[in-house]
Amino acid sequence: MIAASDSEARVRARIRRLRRSELPADTEQLARFLIGKTVVRETPHGRISGRIVETEAYIVGDAAAHAFIGLTRRNRSLFLKRGHAYVYFAYGSCYLLNVSSEVRGVGAGVLLRALEPLDGIALIARNRGVTRLHDLARGPGRLAEALDVDLKQDGLDLCAPGELWLGTATRETGAIGASLRIGITRDAHRELRFYERGNPFVSGPRSLSP
DNA sequence: AGTGCGATTGACT
DNA sequence: GTCAATCGCACTA
């Protein structure tokens with residue numbers, strides 16, 4: 001059931017970089033679309049990849065979104081055309097990885113909240129300092145740490161060849177659930193968090209992932 | 001220059 | 001289950 005036990009060669013052969021034209025042009029649709037797709041990080045030590053199992057949409061006009069206040073130095077990557085990385089530093093302790101989701105000049109994005117590790121599990125464990133498979137990339141801060149992503153990757157085109165990109169699904173995607181977003185106060189009533197039902201790598205309280 | 005506040009995590013009862 | 005650490009950012013003066 002868990003693809004993390006697949007051989008690296010078998011998993012690698014299945015991942016192809018996503019073209020921007022394949023990404024839905026709407027933020028909420030992109031958040032749903034990305035469930036089951038992959039993130040690939042090419043490091044000097046080898047490839048790290050994982051299945052995206054949980055996302056949150058931060059849509060246009062959303063008071064909870066960083067882009068709500070307009071273009072600033074920190075959030076400028078959210079205003080790039082869809083498929084670019086927006087990385088920021090939160091709570092003085094962790095980085096969070098987002099995918100920009102609209103046309104250039106419009107600020108919106110999708111937060112990647114959890115991965116099911118595929119390739120480079122030993123590298124992830126080294127980045128994270130833990131070994132339990134379920135804890136490697138469950139939660140947005142852990143996800144970025146697992147991928148060794150920080151501000152250096154902010155603004156990267158995730159639809160271009162390079163150190164960080166989005167890839168196709170490695171297997172059939174399960175049913176997608178929706179819930180309230182985690183850890184926000186403004187516009188908290190919207191169901192803009194998406195996850196693969198039943199997947200043990202999804203973060204958050206069980207009440208939000210039935 | 002000073003203030004308030006998180007799209008979290010890990011430690012702890 | 002609860003809770004505090006931690007610091008860059010945006011805003012006010």
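Per chain, numbering begins at 1; letters A, B, ... match sequence-line order.
Salt bridge status for A/Glu116 with A/Arg171: present, with a side-chain N to carboxylate O gap under 4.0 Å.
For an aromatic pair to be called close, the ring centres must be under 6.0 Å apart, and A/Tyr88 with A/His66 satisfies this.
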Per-nucleotide protein contact string for nucleotides 6-13 of chain B, where B marks a base within reach and S marks sugar-phosphate only (heavy atoms under 4.0 Å, - for neither): BBBSS---

Just to be sure I follow the notation: if a pair is Watson-Crick (purine N1 to pyrimidine N3 plus N6-O4 or O6-N4) or a G-U wobble (N1-O2 and O6-N3), each under 3.5 Å, what dot-bracket string does DNA chain B give, with | for pairs to another strand? ||||||.|||||.

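Counting only N and O atoms by type, the side chains of A/Thr173 and A/Glu196 include no donor and acceptor under 3.5 Å apart. Side-chain atoms of A/Ser179 and A/Arg193 form a donor-acceptor pair, as typed in the model, at a separation below 3.5 Å.
Counting to the nearest Å, the C1' atom of C/dA10 and the CZ atom of A/Phe68 are 15 Å from each other. In this structure, A/Asp154 places its CG atom 15 Å from P of C/dG8, rounding to the nearest Å.
Atom-to-atom distance recorded for A/Arg41:CZ and A/Asp119:CG is 14.0 Å, nearest 0.5 angstrom. Rounded to the nearest 0.5 Å, atoms CZ (A/Arg19) and SG (A/Cys159) are 10.5 Å apart.
Applying the side chain to side chain donor-acceptor pair (under 3.5 Å) test to A/Asp148 and every residue at least two apart in sequence or in another chain returns nothing.
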Would you please test A/Thr43 and A/Glu163 for side-chain hydrogen bond (donor to acceptor under 3.5 Å, both in side chains) and show each step? CA-CA 7 Å; A/Thr43 82; A/Glu163 58 182 308; over 6 Å; no

